[in-house]
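In what follows, a structure is listed as structure tokens, so that the remarks can point back to it.
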Number of protein chains: 2
Amino acid sequence: MSESKTVSLAEQMRRGELFSTQCPSREILKHVTSQWGVLVLVALMGGTHRFSELRRKVGGVSEKMLAQTLQYLERDGFVCRVSFPVVPPHVEYSLTPLGRDIGLKVEALADWIESNLPSIMSVQATADQEVVEQQA
Amino acid sequence: MSESKTVSLAEQMRRGELFSTQCPSREILKHVTSQWGVLVLVALMGGTHRFSELRRKVGGVSEKMLAQTLQYLERDGFVCRVSFPVVPPHVEYSLTPLGRDIGLKVEALADWIESNLPSIMSVQATADQEVVEQQA
DNA sequence: CAGTATCCTCATTGATACTG
DNA sequence: CAGTATCAATGAGGATACTG
């Protein structure tokens with residue numbers, strides 16, 4: 001597990017370099033695992049959506065953050081943006097093959113949490129109770 | 001976190017409520033998918049670590065953020081903290097069964113990104129090139 | 001060693017207003 | 001409808017100092 005200070009870019013891209021500050025994966029990971037990134041990916045796993053549809057579906061997201069999130073995901077090659085030159089404007093967002101692939105992973109994570117929420121919340125309750133007992 | 005809204009807790013826990021602002025999953029998701037949460041979980045998938053070991057392994061993390069991240073993950077029931085009453089202090093962090101379960105999902109996501117990084121970066125390069133062409 | 005406490009900064013985010 | 005622009009506020013995060 002020893003590494004030298006002078007690692008090449010190719011070397012950085014190899015598996016296990018995730019822990020390095022310079023690893024490009026860190027940026028991608030941030031886009032994908034961001035608060036709105038996760039929700040947008042999961043939403044788009046359900047099919048193509050228009051901008052306003054996404055805005056309504058993803059509770060609490062602002063126009064600005066939705067636009068920014070979509071731009072990141074599009075630039076990373078996960079989201080496909082199709083603009084129809086009509087009045088009023090009509091834009092559709094969908095997942096690319098790459099996006100569906102990673103969407104599967106993100107969805108698995110989100111689903112796991114939703115499914116195990118009862119367990120987690122009961123653990124939290126126990127932990128909080130112990131804290132109260134210690135303070136008493 | 002007090003309830004007493006119009007939506008019952010049982011209702012909130014149902015699948016698909018992830019898009020709701022009030023869904024408790026949102027908080028868990030934030031802890032797990034946070035910048036340092038992801039890296040700590042992946043690191044602990046490799047086995048038990050001490051605080052300073054984690055600090056060295058996870059590049060760029062500050063003491064404060066590492067401590068905070070570990071506290072969140074411990075409270076959510078993903079991380080187990082064992083403190084040995086010796087001088088100097090000795091504390092070991094490991095994953096609970098619940099933590100290993102979700103760690104698997106997070107690791108899958110991180111691994112996918114590392115494996116597909118070349119594809120993603122080439123897509124990015126193409127996208128950036130198109131932007132340049134449009135501006136010209 | 002393994003933290004906590006404090007202060008401080010700057011990036012992320014939200015609200016609002018405006019545009020093609 | 002689908003954004004962009006601008007500004008303000010929040011809070012994530014870092015640096016430092018201190019403690020059990």
Side-chain angles (χ1 to χ4, degrees), chain A residues 19 21-22 26-40 43-44 48-76 79-94 127 131 134-135, chain B residues 1 19-22 26-40 43-44 48-76 79-94 127 131 134-135:
Chain A
F19 292 120
T21 317
Q22 289 81 24
R26 286 263 191 113
E27 269 305 301
I28 314 292
L29 206 48
K30 276 178 77 172
H31 299 161
V32 169
T33 63
S34 69
Q35 177 173 197
W36 307 123
V38 169
L39 296 178
V40 165
L44 290 180
T48 300
H49 286 70
R50 297 182 60 172
F51 186 86
S52 49
E53 286 173 347
L54 282 174
R55 180 131 161 63
R56 255 174 284 122
K57 183 156 192 171
V58 179
V61 70
S62 66
E63 285 191 354
K64 180 182 166 182
M65 291 315 298
L66 181 56
Q68 191 179 103
T69 301
L70 286 168
Q71 280 166 11
Y72 283 140
L73 294 178
E74 188 193 359
R75 180 168 180 277
D76 292 341
V79 163
C80 177
R81 178 184 184 276
V82 178
S83 171
F84 298 87
V86 295
V87 178
H90 184 119
V91 180
E92 290 187 349
Y93 292 93
S94 57
V131 171
Q134 281 179 7
Q135 286 173 343
Chain B
M1 220 172 268
F19 292 120
S20 164
T21 317
Q22 288 82 22
R26 286 262 192 114
E27 269 306 299
I28 314 293
L29 206 48
K30 276 177 77 170
H31 300 162
V32 169
T33 63
S34 69
Q35 175 173 197
W36 306 122
V38 169
L39 297 177
V40 165
L44 290 179
T48 300
H49 286 70
R50 298 183 59 173
F51 187 85
S52 50
E53 286 173 349
L54 282 174
R55 180 130 160 64
R56 254 173 284 123
K57 183 156 192 171
V58 179
V61 70
S62 67
E63 284 192 355
K64 179 183 167 182
M65 292 315 298
L66 181 56
Q68 191 179 104
T69 300
L70 286 167
Q71 280 167 11
Y72 282 141
L73 293 179
E74 188 194 359
R75 181 168 181 278
D76 292 340
V79 162
C80 177
R81 178 184 183 276
V82 178
S83 170
F84 298 88
V86 295
V87 178
H90 184 119
V91 180
E92 290 187 346
Y93 292 93
S94 57
V131 171
Q134 281 179 7
Q135 285 174 343

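Sequence lines set the chain letters: A, B, ... in the order given, protein chains first and strands last, and positions in each chain run from 1.
How far CD of B:Glu74 is from OG1 of B:Thr69: 12.5 Å, rounded to the nearest 0.5 Å. Within the model, atoms CZ of A:Arg55 and OG of A:Ser62 stand 6.5 Å from one another, a figure rounded to the nearest 0.5 Å.
Side-chain contact between B:Leu70 and B:Phe51 is present, with heavy atoms from C-beta onward closer than 4.5 Å. At a threshold of 4.5 Å between non-hydrogen side-chain atoms, the residues B:Arg81 and B:Ser83 count as touching. Using a 4.5 Å heavy-atom cutoff, the side chains of B:Leu54 and B:Leu44 are in contact.
When the side-chain nitrogen and oxygen atoms of A:Arg50 are compared with OP1 and OP2 of D:dC1, none of them lie within a distance under 4.0 Å. Proximity of B:Gln35 to the phosphate of D:dG13: a side-chain N or O atom is located under 4.0 Å from OP1 or OP2. The shortest distance between the side-chain N/O atoms of B:Ser52 and the OP1/OP2 oxygens of C:dA2 is below 4.0 Å. Phosphate contact (OP1/OP2 of D:dT4, side-chain N/O of A:Gln71, threshold under 4.0 Å): present.
The CG-P distance, from A:Leu70 to D:dA2, rounds to 11 Å in whole Å. The interatomic distance linking A:Leu66 (CG) with C:dT13 (C1') rounds to 14 Å, in whole Å. Look at CZ on B:Arg55: it is 13 Å from C1' on D:dG13, rounded to the nearest Å.
The nucleotide D:dG13 finds its pairing partner in C:dC8, both defining distances of the Watson-Crick or G-U wobble pair being shorter than 3.5 Å. Across every strand in view, C:dA15 sits in a pair with D:dT6 that passes the Watson-Crick or G-U test at under 3.5 angstrom.
When distances run from any side-chain atom of B:Arg81 to the nucleotides C:dA2, D:dG3, C:dT13, the shortest one goes to C:dA2. When the nucleotides C:dT4, D:dC1, D:dG13 are ranked by their closest atom to the side chain of B:Lys64, D:dG13 comes out on top. When the nucleotides D:dG3, C:dT4, C:dG14 are ranked by their closest atom to the side chain of B:Ala67, C:dT4 comes out on top. Proximity note for A:Pro89 (side chain, C-beta onward) versus C:dG3, D:dG20, D:dA2: the nearest is D:dA2.
B:Pro88 comes within 4.0 angstrom of the backbone, heavy atoms only, and of no base. Note on B:Glu53: nothing from the nucleic acid sits closer than 4.0 angstrom, heavy atoms only. As judged by a 4.0 angstrom heavy-atom cut-off over every strand, A:Tyr93 is placed among residues touching the sugar-phosphate backbone only.
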